[in-house]
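All ligand and atom numbering here is 1-based and tracks the order in the structure.
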Amino acid sequence: MKILAIVGSPRLKSNTNYLVEQALEEAAKLGAQTEKLVLSQYEVNPCLGHDECASFDSCLQKDDAGWILDRFREADGVILATPVYYYNVSAQMKAFIDRNYFLYKHDQKYKARVAGIIIVAEKEGIEDTLHTLKQLIDEFSIEENRIFITCGYANRIGEAKNNLPLVEEARKLGRQMVESLKEGS
Ligand SMILES: Cc1cc2nc3c(=O)[nH]c(=O)nc-3n(C[C@H](O)[C@H](O)[C@H](O)COP(=O)(O)O)c2cc1C
């Protein structure tokens, strides 16, 4: 059972990253194989918008999006995690979302049966951010009760770590994802 987390914060010691680590640690304790990919560590360029994906066997952009999307498509469970930037996902996460268009145009299905969403804001914008991430999760045909969501408030590095209820929510998300996968297998 493989759970892959895609992290959209460009800050390495970020609040989002910390919460994802907590979720994955719990998932691993229950037997999941986990992987975390922080988008800012890779080259995931914005979509070029030529809209001719279907004419090509692979995306014309030879960056890291290709292999990341392969893993994303193959994981049993996926986590999408982002800070709120201007009332929505970070630029890194938006580029990743748009690059999924290649899969859409090739009618390539996602394997995941369970999803997690983790969002951190200083004070506002969580709703629109959640809407954006759910639009991508909708492509997976995952039942609503198998989508787990942790949203909370933090700003400076380390603040999420000190927000114990939020940390516990993220840990619970990790456990629930594995339990849901086990139920469904
Ligand atoms: C460019 C930028 C835009 C931001 N926009 C918002 C916003 O619209 N709403 C909000 O509540 N916080 C906003 N923030 C604050 C971040 O969401 C907050 O600092 C969060 O903890 C960052 O998460 P991270 O530590 O995982 O990077 C913004 C921060 C930056 C750098």
Handout entry: Main-chain N/O of V44 paired to D64 side chain as donor or acceptor, under 3.5 Å
Key =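 Side chain of D64 to backbone of V44: no pair is present.
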For [X], take its heavy atoms, then give the atoms of ligand 1 lying under 4.0 Å from any of them.
X    : value
N15  : 21 (O), 24 (P), 25 (O), 26 (O)
N155 : 15 (C), 18 (C), 19 (O), 21 (O)
T16  : 23 (O), 24 (P), 26 (O)
V120 : 17 (O), 21 (O)

Exercise for the section: For the residue pair Y110 and F140, categorise the inter-ring angle as parallel (less than 30°), tilted (30 to 60°) or perpendicular (more than 60°). Expected result: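 Ring orientation of Y110 relative to F140: parallel.
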Among all protein heavy atoms, pick the one closest to [atom] and tell me residue, atom and distance.
atom                    : answer
atom 8 (O) of ligand 1  : Y87 N, 2.9 Å
atom 9 (N) of ligand 1  : E124 O, 2.6 Å
atom 12 (N) of ligand 1 : E122 N, 3.2 Å
atom 11 (O) of ligand 1 : K123 N, 2.6 Å
atom 21 (O) of ligand 1 : A154 O, 2.7 Å
atom 2 (C) of ligand 1  : Y85 CD1, 3.6 Å
atom 5 (N) of ligand 1  : Y86 N, 2.8 Å
atom 6 (C) of ligand 1  : V84 O, 3.2 Å

Problem - K134/D138 ion pair, N-O < 4.0 Å - result: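 Salt bridge: no.
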Exercise for the section: For the pair K36 and E21, find out whether any cationic side-chain nitrogen is under 4.0 Å from an anionic carboxylate oxygen. Expected result: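 Looking at E21 together with K36, the answer is yes, because their closest N to O distance falls below 4.0 Å.
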Exercise for the section: Answer yes or no: is there a side-chain heavy-atom contact under 4.5 Å between L19 and V167? Expected result: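 They are in side-chain contact.
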Handout entry: Side-chain heavy-atom pair V89, L80 within 4.5 angstrom cut-off
Key =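 Heavy-atom side-chain distance check fails, nothing below 4.5 Å.
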Problem - Polar proximity ligand 1 side, R11 side, N/O cut 3.5 Å exclusive - result: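 Between R11 and ligand 1 (N or O atoms, distance only) the closest approach is under 3.5 Å.
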Exercise for the section: Using non-hydrogen atoms of the residue, decide whether I157 is closer than 4.0 angstrom to ligand 1. Expected result: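 Distance cut 4.0 Å: I157 fails for ligand 1.
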Exercise for the section: Determine whether any heavy atom of S14 lies closer than 4.0 Å to an atom of ligand 1. Expected result: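 Contact check S14 vs ligand 1: positive.
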Problem - Sole candidate of Q176, R171, R175 that passes side-chain hydrogen bond (donor to acceptor under 3.5 Å, both in side chains) when paired with E26 - result: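 Among the candidates, only R175 passes.
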Exercise for the section: Look up atom CG in N100 and atom CD1 in I68, then write down how far apart they are to the nearest 0.5 Å. Expected result: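 N100 atom CG to I68 atom CD1 measures 11.0 Å (nearest 0.5 Å).
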Problem - Point-to-point distance, once rounded to the nearest 0.5 Å, from CZ of R71 to CG of L4 - result: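 R71 atom CZ to L4 atom CG measures 8.0 Å (nearest 0.5 Å).
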Exercise for the section: Select the closest option to atom 27 (O) of ligand 1 among A81, A91, S9, judged by heavy-atom distance. Expected result: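 Looking at heavy atoms only, S9 sits closest to atom 27 (O) of ligand 1.
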Handout entry: No-hydrogen, no-angle side-chain donor-acceptor test under 3.5 Å, D51 and Y101
Key =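 Present: a donor and an acceptor within the cut-off.
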